Amino acid sequence: MSNAISVRGLVKSYGATKKAGQRIHAVRGIDLEVHTGEIFALLGPNGAGKTSTIEILEGYRSRDSGELRVLGEDPATTNLPLWRNRVGIVLQSTKDGADLSVQEILAHFAQYYSNPRDVDEVIESVGLQEKRHARGEHLSGGQRRRLDVALGIIGNPELLFLDEPTTGFDPEARRSFWELIRTLRSAGTTILMSTHYLDEAEALADRVAVMNHGVIVDCATPDRLGGRDRERVNIRWRESGSLHQELTDTPTEFLRALSARISGEIPELSVSRPSLEEIYLQMIGGQE
Ligand code: ATP
């Protein structure tokens, strides 16, 4: 399996400020691999070190130490213009081209790439058809975010960085954005995203890493993160007029006994494992 990104022992700290008082150790020696063609989500609370990590990988920030390969190059030393041609970036917030129309902004940025995507196709894929002629500064927060995503993919990148891409999206826009991301993956694009939405990570990511206090706490597929697949199963049902609950390691056996006891359908039966959000909160909480 080839890696679009590999990171060994990445360290980043920031100088002491009056407010913080002492040096901030934002990233404390992390290892990370993002496989070619996968969607990889970086999760973690505010200040965990996600943006620092992502911006170092994008070539926007320097690092203290560690070995990096992003599409086979070290972003700190590579020929940036050539490398940037292969990479798409959606930062947390941008205001590029506020006085141009959506179409003009995209056409302008498309010129910087050797193999750009079609402007109209990109506008449609992010659902901005009706705002094609609107100026950047007249877009709503969610529409501006879609334009940011459009700018990230206009160059037809091999690798796309998305830093909290759906902040400010309404639920329908998030769903159509997810479809867009899946379409990009089907076309072979590797995607590294950070998000605070656990449902987004679960819906999109092939693998997720949880970061906290500058370290990676766990890295796995969403259904295995933090031992989620080994957690006990929660069974709820109604019997003799009241609700019951059982946490069990052997749900099949328990359900067999339950259905032998209750004839017909078991009223209000539900069987669930902890959600990704519950597991995530346990992991973060356990670290505090
Ligand atoms: P969020 O989810 O809020 O975006 P994050 O996980 O992306 O957070 P970072 O932005 O990487 O976290 O910040 C990690 C730590 O480094 C924080 O304590 C932050 O205050 C500090 N930090 C980030 N950028 C700088 C900077 N330019 N100068 C000083 N400290 C910084």
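Since the model is a prediction, treat every value here as computed from it, not as a measurement. Quick note: numbers below take in every heavy atom, side chains included, and nothing from hydrogens, waters or symmetry partners.
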key: Cation-pi check, Arg23 onto Tyr14 ring (under 6.0 Å, within 45° of axis)   = no
query = Around atom CZ of Arg224, are there more than 12 heavy atoms of other residues, nucleotides or ligands at under 6.0 Å?
reply = no
note = Residues Ile284 and Val210: closest non-hydrogen pair is CD1-CG1, 3.7 Å
task = Assess whether side-chain hydrogen bond (donor to acceptor under 3.5 Å, both in side chains) is satisfied between Thr36 and Thr190, documenting all intermediate values.
result = CA-CA 6 Å; Thr36 303; Thr190 306; 5.0 Å; no
remark   = Taking every heavy atom of Pro165 against every heavy atom of Ser194, the minimum-distance pair comes out as CD-O, 3.4 Å
request  = Evaluate side-chain hydrogen bond (donor to acceptor under 3.5 Å, both in side chains) for Gln129 paired with Asp120, printing each intermediate quantity in order.
outcome  = CA-CA 8 Å; Gln129 303 88 306; Asp120 289 330; over 6 Å; no
ask   = What are the two closest non-hydrogen atoms of Pro45 and Lys50, and how far apart are they?
value = O-NZ, 3.1 Å
query = By salt bridge (Lys or Arg N to Asp or Glu O under 4.0 Å), which residues pair with Glu239, not counting sequence neighbours?
reply = Arg261
ask   = Do the charged groups of Arg8 and Glu67 touch, with an N to O distance under 4.0 Å?
value = no
message = One thing to verify: whether Arg174 and Asp199 come together as a salt bridge, which I'm taking to mean a side-chain N less than 4.0 angstrom from a carboxylate O.
response = yes
task = Could you work out the complete set of other residues in the hydrophobic cluster of Leu255, with links drawn between I, L, V, M, F, W and Y side chains under 4.5 Å apart?
result = Val233, Ile235, Trp237, Phe254, Leu258, Ile262, Ile266, Leu269, Val271
task = Looking only at non-hydrogen atoms, find the nearest pair between Val11 and Gly29 and report the distance.
result = CG2-N, 3.6 Å
Under-4.0 Å salt bridge between Arg63 and Asp74 = yes
request  = Take Arg228 and Glu231 through the salt bridge (charged side-chain N to carboxylate O under 4.0 Å, His left out) test and state the conclusion after the steps.
outcome  = CA-CA 5 Å; Arg228 188 180 176 198; Glu231 285 274 331; over 6 Å; no
